[in-house]
A.B. asks: 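Here you go, one structure.
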Amino acid sequence: MTPKRKQRLLFVGLIVLGIGAAVALALTAFQENLLYFYTPTQVANGEAPQGRAFRVGGLVEAGSVTRESDGLTVRFTVTDTAKSIPITYVGILPDLFREGQGIVAMGKLDANNLFVADEVLAKHDENYMPPEVGDAIKKAGMHVKPEGKP
Amino acid sequence: MIPELGHFALILALCLALAQGILPLIGAQRGNLALMALARPAAQGQFVFIAVSFLCLTYSFIVNDFSVLYVASNSNTALPLEYRVSAVWGAHEGSLLLWACILSVWTLAVTVFSRSLPQVMIARVIAVMGLISVGFLLFMLVTSNPFDRLFPAALEGRDLNPLLQDPGLIFHPPMLYMGYVGFSVAFAFAIAALIGGHLDATWARWSRPWTVVSWACLTAGIALGSWWAYNELGWGGWWFWDPVENASFLPWLVGTALIHSLAVTEKRGAFKPWTVLLAIFAFSLSLLGTFLVRSGVLVSVHAFATDPGRGVFILAFLVIVIGSSLALYAWRAPTVKSGGSFSGFSRESLLLINNVILMVTAFSVLLGTLYPLILDALNLGKISVGPPYFASVFVPLMLPLAVLIGIGPLTRWKQDDASSVLRRAVPYLFTAIVVSLAALYTLTDHVSLLTGLSTVIGVWVIISAVRDLIARARKGQRLPRAFIGMSLAHFGVGMFILGVTLTGAYNIEKDLRMDVGTEVTIAGYTFTFDGVTEVQGPNYVASQGALHVTRDGKPIATLHPEKRTYRVQTMPMTDSAIDVGLFRDLYVSLGEPVDNGAWSVRVYYKPFIRWIWAGSLLMALGGLFAASDRRYFIAVRKREDVPNAAPARA
C-alpha cells in the first residue's frame, strides 16, 4: 500500500467512524426524548408511566381552575369527557388557557399520581382543538358506545 | 372586476409557464434555435402576469374588497394599512401566490443575468423553472384560488390573525421564500447540466452566485422569523425546534453544505456528482418544507387524510419532482468524472468533512421532524420528539464544524501538511482561550465545561476570520469580494455561537406575582411594577403595564408590556416590552391579573441575545458580498466579446 493510499484509507476510516458516532448519538438522544401521548382515561386507568415525562391532553374542566395567592401555582383538571385527571403547574399559562379550552400538558406523574406539568400548550386560535385532544375525546366517546354501560 | 382580472392573469401565466417549460426543452434536444429562444420571452411574460395577479390581490386588500373570500377571511377595515398589505401573504392561498411570484422574479433574474451562457443551457434552466412554476400555478388554480368570490359579500372581514400583526411578518415570509425558491435556480442548473451531460467547473461557476444569494436570503429569513418569535410569542425564546421552523432549517443546512461543495467543484473540479445531488436535495427539502407547512399535515395527519385535496396535490408534486430528478441523476451521474484528486489532508478533505457533518445534522433534524408524522399516519401512536433531542444532537455536531472554520482557510488546496497547519493555528487557539477565559471571568463566577468550550470555539472562529482577512491583505493583493464575504460570514458564525452560548448559560428568567410597587432585582437591574392601565389600539384594547428599571439607583428604562384583546378575533395576545442592548436585553411580559391590581409577570434578563441575530445577518451579508465578486462578472464580459460562441455550441 502506498503512503498516499494509506492516508486516504485513514481519512475514509475517520469519516465512517465520525458518522457512526454521530448516528449513535442521534439515536440515543432520540430514544430518550420521545414523548408519548396519553389520554386522561389512560392516565386514570394507570396506563401512563411513573417517573417518565409524557404528554396528556384534554379539555380544561369548567370550574376546576384554582390559583394560589402567589399568582403562579395553578391547579385544574383536564377531561376527555369520560374521565378527568388533576394537573398542577407553576408559572404563567399561555394566553389561550381558559376553561373549556383544549390543552396539551407535558410533565410527569408524582408519587401521589398527580400530574405535574412543566409546560402547558394552548394553540393560538380560539376555535382550535389540539388534534390529540380531539382524538382522545372521540376515543372516549367510542369506548362508551360499543361497551354500553361498564 | 379586479379579482377576476387577477384570476385571469394567473391562468395566462399558467399557459405561458407551460410553453416555457416544454418548448425550450424540445428545442434544446433537437437543436432548434427558435424554440430555445422562446424561453426568455415566455419567462418574462409569465413574470408580468403573475405580478399583475399579485397586485390585483394586494389592491383587493387595500380597498377592503370583502367580496373576495380570502380578503374577508384575513383582513378587516380597522387593520392598519401596512398589515393589510402584508396580509396578502398571511394565509394559505396568498402565500402560494407569493411563492409563485418570487419564483417568477428569480426566473426573470436568470433571463437578465445569464446572457453569456450557452443557449442550450439557458433554455434548459429556464424550462425547468417553468415546469416548477406550472406545478405551483396549477396547485393554486385547482385547490387554492386566492380570488374566489364570497357571495353575498361580507360586511366586515374576519381580521388577520393577531400573531401575524407584527413588523416581523411583513419581512419574514418574503425573505424566507426568496431563499426557498432561490434554490430552484441551483436545482434548475443541476438538472439542465444533467440533461446536457456538461458538468464542469463552468457549471459550478454559473450556479454559485445564485446559490449563495438564495442561501443569504434564507439565512436572513430564518433570523427574521426567530426575531419575530422572540418579540411576539411572549416567552423570550428564540428557537423552539418546532416542525415549522425545522422545515425552513433543513434546506438551510443542505444549502450550507451546497455552497461549500460548489466552491470545491468550481476551484478544483472535484465532488461534481455530490454537488449536483446536494443541489437536488436543497430544493427538494424546500419543497418538503412547503408541503409540511401548507398541506396541514403538521396540524393533524388525520385532518390531512380526511380533506386530502391540497395535501395530495403537493405530495404528488413532491414525488414527481424528487423522483424524476433522482432518476435523471441515477441515469446520468455515473458518466460524470469526478476530477481533481486530493490527498487526505487538504482543503478539499476538510470541506468534505464539513459536508458530512452538515448532512448528518440535516438527517437528524429530518428524523426528529418526520418520525412523529409517520408513526401517526400509520396509527402507531402519538409521540412527539422533545426539543432536548435536537439540542443534544445539534451541539456536539456543530462544535467540531466550528473548529474547522478556523483551520480550513489556513489549509491549501490539493495537499497540505497537517502538522504545519496545526503549528500555525496554535497561537490563535491560545489567544482564543485566553480571551474567552478573561471575558468569562469578568462576566460571571461559574462556568460549565460546555459553556467554556463553546465560548472558546466562538472566539476562535471570530479570531480566525479576522486573521485570514489580515493575512490576505498583507500579501498586498486586492482582496477579492468572495474572500471578504467568506470572512464576514464566518465572523457572523462566531458571533452566533457566542450569542447562543451566553444566552443559554446566563439568562435569568423569573415568573412572579407583582403588586403595584413590588420590586425585583435580577442581574443587578431592579424592576419596579407601577401598575396597569387600559389603552386603545386601532383594532384592539390592551391592558398596558408599566415597569421602571433602575441599576444602582440610576434609571435605565421604562417598559410597557401589553396584554391585548383583538376586537374581531376576541383573542388575547401578549405583547412583550424589551429594552434592547448590545450585551443584554431586559424583557418583560404580562401574565394574567391576579387580584387587587396585582399581575403575574415574566421578567427576563437575556445576555448577548442580540448576537444571535447580528451574527445571522452578518452571515447573510457575507453571502451577498461574496456573490458580488468580480469573478462572476468577468466571465460574463469575456463571453460577450465572442457573441457567436454560444449559439455555435448549440
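By convention in this document, chain letters (A, B, ...) are assigned in the order of the sequence lines, proteins followed by strands, and residues within each chain are numbered from 1.
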A.B. asks: Please report the interatomic distance CD1(A:Ile15) to OG(B:Ser349), rounded to the nearest 0.5 Å.
C.D. replies: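 The distance works out to 8.0 Å.
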A.B. asks: Can you check salt bridge (Lys or Arg N to Asp or Glu O under 4.0 Å) on B:Lys563 and A:Asp95, steps first, answer last?
C.D. replies: CA-CA 9 Å; B:Lys563 194 80 170 182; A:Asp95 286 340; 2.6 Å; yes
A.B. asks: Going by heavy atoms in the side chains, are B:Val385 and A:Leu34 under 4.5 Å from each other?
C.D. replies: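 Yes, side chains in contact.
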A.B. asks: Please round to the nearest 0.5 Å and tell me the distance separating atom CZ of B:Arg513 and atom CG of A:Asp70.
C.D. replies: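 B:Arg513 CZ to A:Asp70 CG: 8.0 Å, rounded to 0.5 Å.
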A.B. asks: Can you measure from CD (B:Glu592) to CG (A:Leu72) and round to the nearest 0.5 angstrom?
C.D. replies: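 It is 9.0 Å, given to the nearest 0.5 Å.
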A.B. asks: Mind checking whether B:Leu367 and A:Leu27 have side chains closer than 4.5 Å, heavy atoms only?
C.D. replies: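 Touching, per the 4.5 Å side-chain cut-off.
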A.B. asks: Working to the nearest 0.5 Å, report the span between OG1 of B:Thr574 and CD1 of A:Ile92.
C.D. replies: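 Here the rounded value is 8.5 Å.
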A.B. asks: Answer yes or no: does atom CZ of B:Arg158 have more than 12 heavy-atom neighbours from other residues, nucleotides or ligands under 6.0 Å?
C.D. replies: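 No, the 6.0 Å shell around CZ holds no more than 12 heavy atoms from other groups.
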A.B. asks: Side chain from CB out, backbone as N, CA, C, O: work out which of these in A:Leu93 comes under 4.5 Å of a heavy atom of chain B, or both, or neither.
C.D. replies: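 A:Leu93 touches chain B through backbone and side-chain heavy atoms alike.
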A.B. asks: To the nearest 0.5 Å, what is the distance between CZ (A:Phe54) and CD1 (B:Ile383)?
C.D. replies: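 Rounded to the nearest 0.5 Å, the CZ-CD1 separation comes out at 15.5 Å.
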A.B. asks: So which of B:Leu512, B:Asp595, B:Val360 has the largest heavy-atom pair count under 4.5 angstrom toward chain A?
C.D. replies: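 If we count pairs closer than 4.5 Å to chain A, B:Leu512 comes out on top.
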A.B. asks: Please list, in residue-number order, every residue in residues 108-117 of chain A that has a heavy atom less than 4.5 Å from any heavy atom of chain B; write 'none' if there are none.
C.D. replies: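 From residues 108-117 of chain A, none sit under 4.5 Å of chain B.
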A.B. asks: Select one option (side chain, backbone, both, neither) describing which atoms of B:Pro396 are under 4.5 Å from chain A's heavy atoms.
C.D. replies: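 Side chain of B:Pro396 only, per the 4.5 Å heavy-atom cut-off to chain A.
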A.B. asks: Taking side-chain contact (heavy atoms from CB on, under 4.5 Å) as the criterion, tell me which of A:Leu25, A:Thr28, A:Asn33 meets it with B:Ser392.
C.D. replies: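 For B:Ser392, the side-chain contact (heavy atoms from CB on, under 4.5 Å) test succeeds with only one of A:Leu25, A:Thr28, A:Asn33, which is A:Asn33.
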A.B. asks: Do B:Ser600 and A:Arg67 come within less than 4.5 Å of each other through their side chains, counting heavy atoms only?
C.D. replies: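 No, too far: nothing below the 4.5 Å cut-off.
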A.B. asks: Could you tell me which portion of B:Val393 (side chain, backbone, both or neither) has an atom closer than 4.5 angstrom to a non-hydrogen atom of chain A?
C.D. replies: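 For B:Val393, backbone and side chain are both near chain A.
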A.B. asks: According to ring-ring contact (aromatic ring centres under 6.0 Å, His included), does anything in residues 80-99 of chain A pair up with another residue at least two apart or in another chain? List the pairs.
C.D. replies: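 Pairs touching residues 80-99 of chain A that pass the test: A:Phe76-A:Phe97.
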A.B. asks: Does atom CZ (B:Phe363) have a neighbourhood of more than 12 heavy atoms from anything else shown, all under 6.0 Å?
C.D. replies: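 It does not: B:Phe363 CZ has 12 such atoms or fewer within range.
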A.B. asks: Looking only at heavy atoms, which two atoms of A:Phe30 and B:Tyr371 are closest? And how far apart?
C.D. replies: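 It is CZ-CD2, 3.2 Å.
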